[in-house]
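Quick notes on the structure that follows.
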Number of protein chains: 2
Amino acid sequence: MEKSKNKKNVRVNYGLAQKQVLANAGVKITFLRSKILAFAMDSKKPFSFEDVFLALRDTGIHRATIFRNLSLFKDAQILREVDMRQDAMFYEIATKGHHHHVVCKICGCVESFDMCGLDNLVEEFIKNSKEFDKISEHSFEMFGVCKKCYKKK
Amino acid sequence: MEKSKNKKNVRVNYGLAQKQVLANAGVKITFLRSKILAFAMDSKKPFSFEDVFLALRDTGIHRATIFRNLSLFKDAQILREVDMRQDAMFYEIATKGHHHHVVCKICGCVESFDMCGLDNLVEEFIKNSKEFDKISEHSFEMFGVCKKCYKKK
DNA sequence: TGCCCAATGCGACCGAGTCGCATTTGGGAT
DNA sequence: ATCCCAAATGCGACTCGGTCGCATTGGGCA
């Protein structure tokens, strides 16, 4: 796999910000990890395996490596999973604070938003629940048709 | 495929309630559809393809037939999809009124509940949204560890 | 009863994700 | 700077959920 014409430049190609994040999370820094992370940090909306694969195809990266690193980044809390009701799992940078998404069912565009009221609802549920007394995660996603796609019809 | 020892009994095996539902939705009544629907109506929690497959394996039903009919039932609004954060999609009878689920991450048990506050939150989001002015669906699922599983640890 | 189209069986195919094993490489120790 | 080993990657086979096209079967209506 070709990484750089000049062996001496490999290290500086890693990217400072990515290096920082990886070191911080106690994750070994490699060329491919910094590339994946750079892509993730640039992405303005949740992305899937395929997005990464296409973005990095010129590096010759193997499918398995992407899956392994997405999973690693999730465990290291660098990324967070986002369920977009697609076949594939989506991811986004975990530092973006808890929020939710609306997904356009036609073009797939995404709008993010805070939903301050949700935590209260979760609290309330817990009080009334017979079988659960702790909730570790919740997901709340909305689906519709965005204004652009609506006009096109 | 063996459906019944006695050809004359095929029709009465269909089941009255299921026949009703299918006819009502404008869906052609067949032996396998009534079986799938009967299973769905009996099920006390959301079920997957595999659940149906196991329940009906003695009929010799083909995988594709189950997938096709689950999809058909969804389009006909007889079933509704439930996202359980599993690999496979889950389904439940659509007449059960809008509600949500908590899923135990260990044993997979499910508790259902109403979440009256959610519609208000959706409304509020719409008002503030630049890109959407109508939401057709939303999902809200919670994940935790149920009391039984918690004790076992 | 017979006919026609829809439902089913069948099997190949697809894409997401995983795994074991051989090879390469990052980074700490010298 | 070099060496070395554990960890990362490549590779390819495999699993599993789901889809598709085509041949056969069976529902339901005339």
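Each chain gets a letter, A, B and so on, in the order its sequence line appears, and its residues count up from 1. No experiment lies behind these values; they were computed from the predicted model shown.
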From [atom1] of [X] over to [atom2] of [N], roughly how many Å is that when rounded to an integer?
{"X": "A:Asp87", "N": "D:dT19", "atom1": "CG", "atom2": "C1'", "result": "10 Å"}
{"X": "B:Leu72", "N": "D:dG18", "atom1": "CG", "atom2": "P", "result": "16 Å"}
{"X": "A:Ile29", "N": "C:dG27", "atom1": "CD1", "atom2": "C1'", "result": "10 Å"}
{"X": "B:Ile61", "N": "C:dC10", "atom1": "CD1", "atom2": "P", "result": "11 Å"}
{"X": "A:Met84", "N": "C:dA16", "atom1": "CE", "atom2": "P", "result": "14 Å"}
{"X": "B:Leu32", "N": "D:dG26", "atom1": "CG", "atom2": "P", "result": "11 Å"}
{"X": "B:Lys35", "N": "D:dG27", "atom1": "NZ", "atom2": "P", "result": "14 Å"}
{"X": "A:Leu70", "N": "D:dA8", "atom1": "CG", "atom2": "P", "result": "15 Å"}

Closest approach to the side chain of [X], judged atom by atom: which nucleotide of [options] is it?
{"X": "B:Arg33", "options": "D:dT9, C:dA7, D:dG18", "result": "C:dA7"}
{"X": "B:Phe67", "options": "C:dA16, C:dA7, D:dG17", "result": "D:dG17"}
{"X": "A:Lys28", "options": "D:dG18, C:dG9, C:dG27", "result": "C:dG27"}
{"X": "A:Ala88", "options": "C:dA16, C:dG27, D:dG10", "result": "C:dA16"}
{"X": "A:Asn69", "options": "C:dA16, D:dT9, D:dC11", "result": "D:dT9"}

Review point. Will you find, in the side chains of A:Ser48 and A:Gln86, an N or O donor that is under 3.5 Å from an N or O acceptor?
Key: no
Determine the interplanar angle of the [X] and [Y] rings, folded into 0 to 90°, and report it as parallel if under 30°, tilted if 30 to 60°, perpendicular if over 60°.
{"X": "A:His99", "Y": "A:His101", "result": "perpendicular"}
{"X": "B:His98", "Y": "B:His138", "result": "perpendicular"}
{"X": "A:Phe113", "Y": "A:Phe140", "result": "perpendicular"}

Review point. Is there a donor and acceptor pair closer than 3.5 Å between the side chain of A:Arg63 and the base of D:dG10?
Key: no
Point to revise | Residue whose closest nucleotide on DNA chain D lies nearer the 5' end, B:Arg68 versus B:Val27 | key: B:Arg68
**Study point:** Over all atoms of both residues, closest heavy-atom pair of B:Asp51 and B:Phe90
**Key:** OD2-CE2, 4.2 Å
Review point. Starting at the 5' end of DNA chain C and moving along, which residue's nearest nucleotide shows up first, A:His62 or B:Thr65?
Key: B:Thr65
Review point. Just to confirm, is there a sub-4.0 Å distance from OP1 or OP2 of D:dA8 to any side-chain nitrogen or oxygen of A:Thr30?
Key: no
